[in-house]
Amino acid sequence: MTSLSIRSGQSASGGPRRATMRDVAALAGVGIKTVSRVVNGERDVSEATAARVRRAAEELDFVPDLRAGSLRRNGRRTDTIGLLVSSVENPFPAAVHRAVEDEFRPRGLAVLASSVDDDPEIERARVATLLGRRVDGIILAPAPGSQEYLHAEQERGLPLVCVDRKPFGIEADTVMSDNKAGAAVAAAHLITHGHRRIAVFGHRKSLQTAQQRKAGFLEEAGSAGIAAAQLSIVEDLRGPEQAEAAAASIFASLVPPTAVFCSQNLVTVGVLRALRKLNAHRTTALVSFDDLDFGELLEPGLTAVAQDPHAIGALAAQRLLARLDGEEAEPLTTIVPTRLIARGSGEIPPPST
């Protein structure tokens with residue numbers, strides 16, 4: 001059974017007191033089995049009860065402790081790796097997942113993958129589940145918020161690599177795209193083709209990726225004399241439906257944009273739907289950050305700032321393997337370049353005046 005750690009108190013030997021699940025159960029007013037279910041991310045606990053357990057665990061400075069339940073740190077391994085991504089439904093993390101598996105397969109390592117939906121509470125629950133399963137290491141796409149809760153596990157030797165975003169509160173190897181530069185290229189591309197009335201549709205603004213892409217686009221636009229106030233900016237779009245509704249509203253204005261930049265693939269899907277319904281997809285330029293599998297099949301083809309999820313996944317897996325093999329160097333951040341693929345949608349000129 002996974003035990004808990006608590007910074008306050010002392011053991012009989014005078015060292016830091018090691019709490020058990022019983023401590024969290026007593027504070028939360030639940031049974032030990034309920035705490036275990038919450039720690040392991042099981043679904044048969046009401047949300048109110050799970051929230052009470054998480055609050056108690058946080059008050060006790062809860063960190064899953066594998067030393068009580070596994071000999072993994074003493075040389076024995078389970079040959080399993082945890083992979084936590086934003087959503088396995090999204091093509092980008094799905095491609096990262098595949099690349100990770102391809103790297104680990106020759107070493108005989110199995111991948112336990114799950115979605116965290118960019119939710120910090122889900123992230124912590126899923127991490128606890130993986131730790132309870134005694135994984136040898138974790139690859140994590142950090143949700144908004146702090147990952148400081150993983151510091152104690154890192155101190156005990158847990159290899160951790162982050163993908164897509166840097167963690168907060170801790171240092172860890174990170175592999176991510178050059179988001180700011182890629183968005184700047186998108187802005188320059190649209191401006192070079194004559195556009196100044198541009199709509200920017202962004203995904204969740206709490207995410208580093210959204211912030212970096214917005215900053216890159218606005219800085220490039222600003223250098224061309226286009227202030228942020230001149231752009232139609234819609235942020236915090238959480239999926240195709242919201243993006244489609246936002247685009248329909250923007251293009252219903254008397255002076256609609258002549259070009260669009262979408263900062264995430266699912267946002268692009270929603271904007272494409274709106275443009276096609278308005279029959280504006282052949283007259284409105286569009287550049288997507290993130291390519292779509294069917295992008296080249298559209299008419300016009302989708303112009304995209306393409307990331308390289310296969311490289312990101314492979315590099316992340318290689319970093320984790322290096323840590324498993326004993327590398328103790330300082331954490332390394334690897335930036336993977338993006339590339340612009342021009343297929344037609346981003347080259348549509350603005351209407352003549």
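Along the sequence shown, the residues carry numbers beginning at 1.
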Using the salt bridge (Lys or Arg N to Asp or Glu O under 4.0 Å) rule, take Arg343 and Asp291 through it: C-alpha gap first, then chi angles, then the decisive distance, then the call. CA-CA 11 Å; Arg343 297 196 183 102; Asp291 200 4; 2.8 Å; yes
Between [X] and [Y], is any pair of side-chain heavy atoms under 4.5 Å apart?
| X | Y | value |
| --- | --- | --- |
| Leu340 | Thr303 | yes |
| Ser114 | Leu84 | yes |
| Thr338 | Asp308 | no |
| Leu150 | Val127 | yes |
| Leu272 | Leu298 | yes |
| Asp118 | Arg165 | yes |
| Leu324 | Ile81 | yes |
| Asp23 | Leu27 | no |

Any idea which heavy atoms bring [X] and [Y] closest together, and the distance?
| X | Y | result |
| --- | --- | --- |
| Lys180 | Glu219 | NZ-OE2, 3.0 Å |
| Cys262 | Thr268 | CB-OG1, 3.2 Å |
| Pro120 | Pro144 | CB-O, 3.4 Å |
| Glu148 | Ile170 | CA-CG2, 3.6 Å |
| Thr284 | Ile348 | O-CD1, 3.6 Å |
| Pro309 | Ala99 | O-CB, 4.3 Å |

Under 3.5 Å: donor-acceptor pair, side chain of [X], backbone of [Y]:
| X | Y | value |
| --- | --- | --- |
| Gln154 | Glu171 | yes |
| Ser232 | Ala199 | no |
| Thr78 | Arg134 | yes |
| Thr192 | Ala188 | yes |
| Asn179 | Gln212 | no |
| Gln264 | Val267 | yes |
| Glu244 | Pro240 | no |
| Ser115 | Val88 | yes |
| Glu123 | Ala143 | yes |
| Ser253 | Ser249 | no |

Would you kindly say whether [X] and [Y] are connected by a side-chain donor-acceptor distance under 3.5 Å?
| X | Y | result |
| --- | --- | --- |
| Gln307 | Ser177 | yes |
| Thr258 | Arg197 | no |
| Asn90 | Asn265 | yes |

Identify, with sequence neighbours excluded, every residue that meets ring-ring contact (aromatic ring centres under 6.0 Å, His included) alongside His281.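 Result, ring-ring contact (aromatic ring centres under 6.0 Å, His included) vs His281: none returned.
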Here's a test for you: under salt bridge (Lys or Arg N to Asp or Glu O under 4.0 Å), which of Arg55, Arg54, Arg126 qualifies with Glu121?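 Only one of Arg55, Arg54, Arg126 forms a salt bridge (Lys or Arg N to Asp or Glu O under 4.0 Å) with Glu121, namely Arg54.
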Just grab all the ring-ring contact (aromatic ring centres under 6.0 Å, His included) pairs involving [range], residues at least two apart or on different chains.
| range | answer |
| --- | --- |
| residues 160-187 | none |
| residues 198-242 | Phe217-Phe261 |
| residues 86-136 | none |

Only one of Glu220, Glu347, His195 forms a side-chain contact (heavy atoms from CB on, under 4.5 Å) with His189, so which one is it?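 With His189 as partner, side-chain contact (heavy atoms from CB on, under 4.5 Å) holds for just one option, Glu347.
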Determine whether more than 12 heavy atoms belonging to other residues, nucleotides or ligands lie under 6.0 Å from atom [atom1] of [X].
| X | atom1 | result |
| --- | --- | --- |
| Asp325 | CG | yes |
| His310 | NE2 | no |
| Glu101 | CD | yes |
| Gln230 | CD | yes |

As a quick check of understanding, evaluate salt bridge (Lys or Arg N to Asp or Glu O under 4.0 Å) for Arg204 and Glu235, giving each step before the final call. CA-CA 7 Å; Arg204 290 184 58 168; Glu235 297 181 271; over 6 Å; no
Separation between [atom1] of [X] and [atom2] of [Y], rounded to the nearest 0.5 Å:
| X | Y | atom1 | atom2 | result |
| --- | --- | --- | --- | --- |
| Glu103 | Arg107 | CD | CZ | 10.5 Å |
| Arg52 | Glu47 | CZ | CD | 11.5 Å |
| Leu112 | Ile138 | CG | CD1 | 10.0 Å |

Within one Ile-Leu-Val-Met-Phe-Trp-Tyr cluster: [X] and [Y], side-chain cutoff 4.5 Å:
| X | Y | result |
| --- | --- | --- |
| Ile198 | Val287 | yes |
| Val200 | Ile250 | no |
| Leu297 | Ile341 | no |
| Leu218 | Val234 | no |
| Phe289 | Leu286 | no |

Before giving the answer on salt bridge (Lys or Arg N to Asp or Glu O under 4.0 Å), spell out for Asp136 and Arg323 the whole-Å C-alpha distance, their side-chain angles and the decisive distance to 0.1 Å. CA-CA 10 Å; Asp136 296 328; Arg323 296 299 183 183; over 6 Å; no
Taking salt bridge (Lys or Arg N to Asp or Glu O under 4.0 Å) as the definition, give me every residue that meets it alongside Arg339, ordered by chain and number, with sequence neighbours left out.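 Expected list: none.
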Which residues satisfy the salt bridge (Lys or Arg N to Asp or Glu O under 4.0 Å) test with Arg98, sequence neighbours excluded?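 Arg98 satisfies salt bridge (Lys or Arg N to Asp or Glu O under 4.0 Å) with Asp102 only.
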